Novice: 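One structure, as structure tokens, below. Some questions next.
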Number of protein chains: 2
Amino acid sequence: MNAKLLLLGILKQSEMHGYQLYDFIERNLAVCTDLKKASAYFLLNKMEKEGYIQAVEQRVGNRPPRKVYRLTASGEQLFEQLLVENLAQYTPPVFSDDIGIAFLDQLPAERALALLRKRFQTMQLRLRELENIPPHPGATALLIQHQIHHLQSEIAWLGKLIASLEQGTSPARTPRREGIPDCESPS
Amino acid sequence: MNAKLLLLGILKQSEMHGYQLYDFIERNLAVCTDLKKASAYFLLNKMEKEGYIQAVEQRVGNRPPRKVYRLTASGEQLFEQLLVENLAQYTPPVFSDDIGIAFLDQLPAERALALLRKRFQTMQLRLRELENIPPHPGATALLIQHQIHHLQSEIAWLGKLIASLEQGTSPARTPRREGIPDCESPS
DNA sequence: TTTCGAATAGTCAATATTGAATAATTATAA
DNA sequence: TTATAATTATTCAATATTGACTATTCGAAA
């Protein structure tokens with residue numbers, strides 16, 4: 001649903017056609033969505049059928065006609081509803097990179113450490129990239145700041161993990177050995 | 001691909017049938033994946049076709065037969081490859097909750113603040129929940145700690161945002177007014 | 001003025017994901 | 001004992017997602 005909120009929110013500020021929307025998201029809002037082009041088109045079609053947006057055909061030169069979308073009244077309503085829901089809620093992220101962490105003990109300690117140090121470097125690199133993004137206007141700056149804040153926190157966490165692995169000791173509060181919990185034998 | 005890593009990693013530790021796998025993930029590894037039941041079955045079938053795992057039919061009582069999966073040699077190989085890739089890499093998260101933040105200025109300031117305070121409370125609640133999870137064995141504890149670390153960082157960030165909105169001033173380093181960047185008029 | 005790469009604009013077949021249904025077995029409480 | 005709820009186990013139709021392709025126009029270098 002958040003993708004709908006995104007599209008509606010942008011269209012509310014200014015009407016656009018599909019490619020423009022996609023391009024705008026790519027350039028300014030990539031940090032909060034991974035909507036692909038085809039998905040954007042799919043959702044626009046769907047929301048048009050559902051009556052939240054309406055399209056006007058526009059011809060420029062002798063290019064093929066483009067559909068320029070704008071919000072309808074019920075689209076405005078949906079936008080507000082989705083915005084209110086979004087703001088009040090917290091969605092716990094899924095750290096899929098942690099899947100590897102769960103199987104850390106399947107690799108020789110030195111190998112695992114080397115790989116984690118590489119991850120650490122990748123993160124530092126990205127942090128520098130984010131810090132070097134020229135100041136975006138409006139709320140985008142806020143979103144980038146959020147990414148930076150998060151990344152710093154993640155770097156700190158991974159740093160501690162690496163340090164504790166280097167000590168050969170378990171990381172704080174982790175009892176016993178590494179590895180995922182023992183699996184009960186099949187019933 | 002991370003879902004494959006997850007399934008292979010668990011199967012490497014002990015052979016299981018589909019439901020067992022799914023149940024195990026739900027109970028212990030929900031913080032690093034959101035794999036649904038049907039997706040788990042789909043992937044198991046696929047990996048069987050691809051030769052990474054092989055199934056043995058098992059009958060218990062007169063229940064319908066179950067397929068118990070185990071890694072093949074090429075499955076072990078794929079597991080290691082995916083693990084190495086995973087550990088060395090960092091995948092920037094997509095904060096879809098930030099979509100709402102980008103449209104904060106579409107709501108009266110007081111309304112927006114009230115909603116963000118609600119989000120803040122939700123996060124505190126979840127933090128307490130995480131802190132009260134009884135100590136899991138093995139690496140799961142580490143993953144939960146990671147969630148806690150992250151959540152604390154997110155709470156701090158949102159706290160600052162709320163404070164700066166309460167001041168009526170722009171949050172640090174955010175220039176000019178709120179809102180997503182101006183959209184160039186269509187070409 | 002031709003050509004070649006980039007930008008614009010969109011489509012579609014293939015793939016992936018999931019909510020909901022099915023169905024058997026076992027536990028539980030009435 | 002006998003409903004009924006919970007657990008075990010899987011399937012499938014409907015939806016959603018995306019990589020790869022098509023096609024036009026524009027800019028600029030040769």
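None of these values were measured; they are calculated from a predicted model. Every chain is numbered from 1 and lettered A, B, ... according to where its sequence line falls, protein lines coming before strand lines.
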Novice: Please write out the pairs of protein N or O atoms and N or O atoms of nucleotides 13-15 of chain C separated by less than 3.5 Å, giving the distance to one decimal.
Specialist:
none

Novice: Are B:Leu161 and B:Leu127 joined in one hydrophobic group, where the rule is that I, L, V, M, F, W and Y side chains link up if heavy atoms are under 4.5 Å apart?
Specialist: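 As far as the 4.5 Å side-chain criterion goes, B:Leu127 and B:Leu161 are connected within one cluster.
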Novice: How many whole angstroms separate atom OH of B:Tyr19 from atom C1' of C:dT22?
Specialist: 14 Å
Novice: What is the distance, rounded to the nearest whole Å, between atom NZ of A:Lys4 and atom C1' of D:dT17?
Specialist: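 Result: 15 Å.
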Novice: Roughly, in whole Å, what's the span from CG in B:Asn2 to C1' in C:dA16?
Specialist: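 Interatomic distance, CG of B:Asn2 to C1' of C:dA16: 15 Å.
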Novice: Counting C-beta onward and ignoring hydrogens, is there a side-chain heavy-atom pair between A:Leu158 and A:Met123 closer than 4.5 Å?
Specialist: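 Yes, at least one pair of side-chain atoms sits under 4.5 Å.
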Novice: Sort me out a list of protein N/O and nucleotides 19-23 of chain D N/O pairs below 3.5 Å, or just none if empty.
Specialist:
none

Novice: Between atom CG in B:Asp34 and atom C1' in D:dA16, what is the gap in whole Å?
Specialist: 14 Å
Novice: Among residues two or more places apart or on two chains, list those pairs meeting side-chain hydrogen bond (donor to acceptor under 3.5 Å, both in side chains) that have a residue in residues 92-104 of chain A.
Specialist: A:Ser96-B:Asn2, A:Asp97-B:Thr91, A:Asp98-B:His146
Novice: Look at the side-chain N and O atoms of B:Ser39 and state whether any lies under 4.0 Å from the OP1 or OP2 oxygen of C:dT18.
Specialist: yes
Novice: Side-chain donor-acceptor pairs under 3.5 Å in residues 33-41 of chain A, sequence neighbours left out?
Specialist:
{"unit_1": "A:Thr33", "atom_1": "OG1", "unit_2": "A:Leu35", "atom_2": "N", "d": "3.3"}
{"unit_1": "A:Lys36", "atom_1": "NZ", "unit_2": "A:Asp34", "atom_2": "O", "d": "3.0"}
{"unit_1": "A:Tyr41", "atom_1": "OH", "unit_2": "A:Tyr19", "atom_2": "N", "d": "3.1"}

Novice: List for me each residue that meets side-chain contact (heavy atoms from CB on, under 4.5 Å) alongside B:Ala30, sequence neighbours excluded, and say none if there are none.
Specialist: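 Testing B:Ala30 for side-chain contact (heavy atoms from CB on, under 4.5 Å), a comparison that skips the adjacent residues, returns none.
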Novice: Let me know which of B:Leu165, B:Leu107, B:Leu104 forms a side chain to side chain contact (heavy atoms under 4.5 Å, CB included) with B:Leu113.
Specialist: B:Leu165
Novice: Which residues in residues 48-55 of chain A have a heavy atom closer than 4.0 Å to any atom of DNA chain D?
Specialist: none
Novice: Of the non-hydrogen atoms in A:Gln147 and B:Pro93, which two are nearest, and what is the gap between them?
Specialist: NE2-O, 3.4 Å
Novice: Under 3.5 Å, is there a donor-acceptor pair between the B:Gln81 and B:Glu85 side chains?
Specialist: yes
Novice: So B:Leu82 and B:Asn86, do their side chains get closer than 4.5 Å, heavy atoms only?
Specialist: no
Novice: With clusters defined by side-chain heavy atoms of hydrophobic residues (ILVMFWY) lying less than 4.5 Å apart, directly or transitively, does B:Val68 cluster with B:Leu8?
Specialist: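 The answer is no; the residues belong to distinct hydrophobic clusters.
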Novice: Under a 4.0 Å N-O cut-off, is there an ion pair linking B:Arg126 with B:Glu131?
Specialist: no
